[in-house]
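Please read the structure below before turning to the comments.
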Amino acid sequence: MTRVSRRLPARYGTVLMPLLISIIMTFIVSGISTLKALGPTVEALRSWPAAWGISWLVAFPTLMLVLPVVRRILARVLAPH
């Protein structure tokens, strides 16, 4: 009996990497910013999801646009393997 792989092909990594990075980073940064602005209150917890959503809507497309530029810069700066 053969086992079916439920893994996505590696080519999806170019989208999934910035997707996951943007989700995690905006979650953390928006949480810190919201807590700093409103203090540790119930209102801050209520406001955080909206702040995170807006942050993510900006961050993900930005990452998709900027990553190729960053890769080219790093290719010039870093020595090959």
Side-chain angles (χ1 to χ4, degrees):
M1 179 184 241
T2 60
R3 187 170 187 199
V4 177
S5 176
R6 294 188 174 197
R7 299 173 102 186
L8 293 170
R11 69 179 180 267
Y12 291 112
T14 57
V15 173
L16 290 178
M17 176 72 78
L19 176 69
L20 290 175
I21 288 171
S22 66
I23 288 170
I24 294 166
M25 289 300 296
T26 56
F27 183 79
I28 293 167
V29 172
S30 66
I32 292 168
S33 297
T34 303
L35 286 172
K36 182 156 179 15
L38 301 177
T41 62
V42 173
E43 184 58 33
L45 292 176
R46 287 187 189 134
S47 299
W48 187 3
W52 170 76
I54 293 167
S55 298
W56 181 79
L57 284 173
V58 172
F60 180 61
T62 301
L63 273 172
M64 294 301 290
L65 292 171
V66 171
L67 273 175
V69 175
V70 171
R71 286 187 182 113
R72 282 195 297 273
I73 292 168
L74 290 178
R76 291 177 185 229
V77 173
L78 299 175
H81 286 109

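Atom set for the values below is all heavy atoms of this structure, side chains included, hydrogens, waters and symmetry mates excluded.
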Going only through I, L, V, M, F, W and Y residues with side-chain contacts under 4.5 Å, is there a path from L63 to M25?
yes
For residues 51-61, the side-chain hydrogen bond (donor to acceptor under 3.5 Å, both in side chains) pairs (sequence neighbours left out) are S22-W56, T26-W52
When hydrophobic residues are tied together by side-chain contacts of less than 4.5 Å, even through go-betweens, does V70 share a cluster with L78?
yes
For the residue pair T41 and L45, establish whether any side-chain heavy-atom pair is separated by less than 4.5 Å.
no
When hydrophobic residues are tied together by side-chain contacts of less than 4.5 Å, even through go-betweens, does I24 share a cluster with V66?
no
If you group Ile, Leu, Val, Met, Phe, Trp and Tyr by side-chain heavy-atom gaps below 4.5 Å, do I23 and W48 land in one group?
yes
Between V69 and L65 the two heavy atoms that sit nearest each other are CG2-O, 4.1 Å
What I'd like to find out is whether the side chain of M17 reaches to under 4.5 Å of the side chain of L67, using heavy atoms alone.
no
Interatomic spacing from OH in Y12 to CG in L19 - rounded to 0.5 Å:
14.0 Å
Under a 4.5 Å cut-off applied to non-hydrogen side-chain atoms, are V15 and F60 in contact?
yes
Looking only at heavy atoms, which two atoms of A44 and T34 are closest? And how far apart?
O-CG2, 3.4 Å
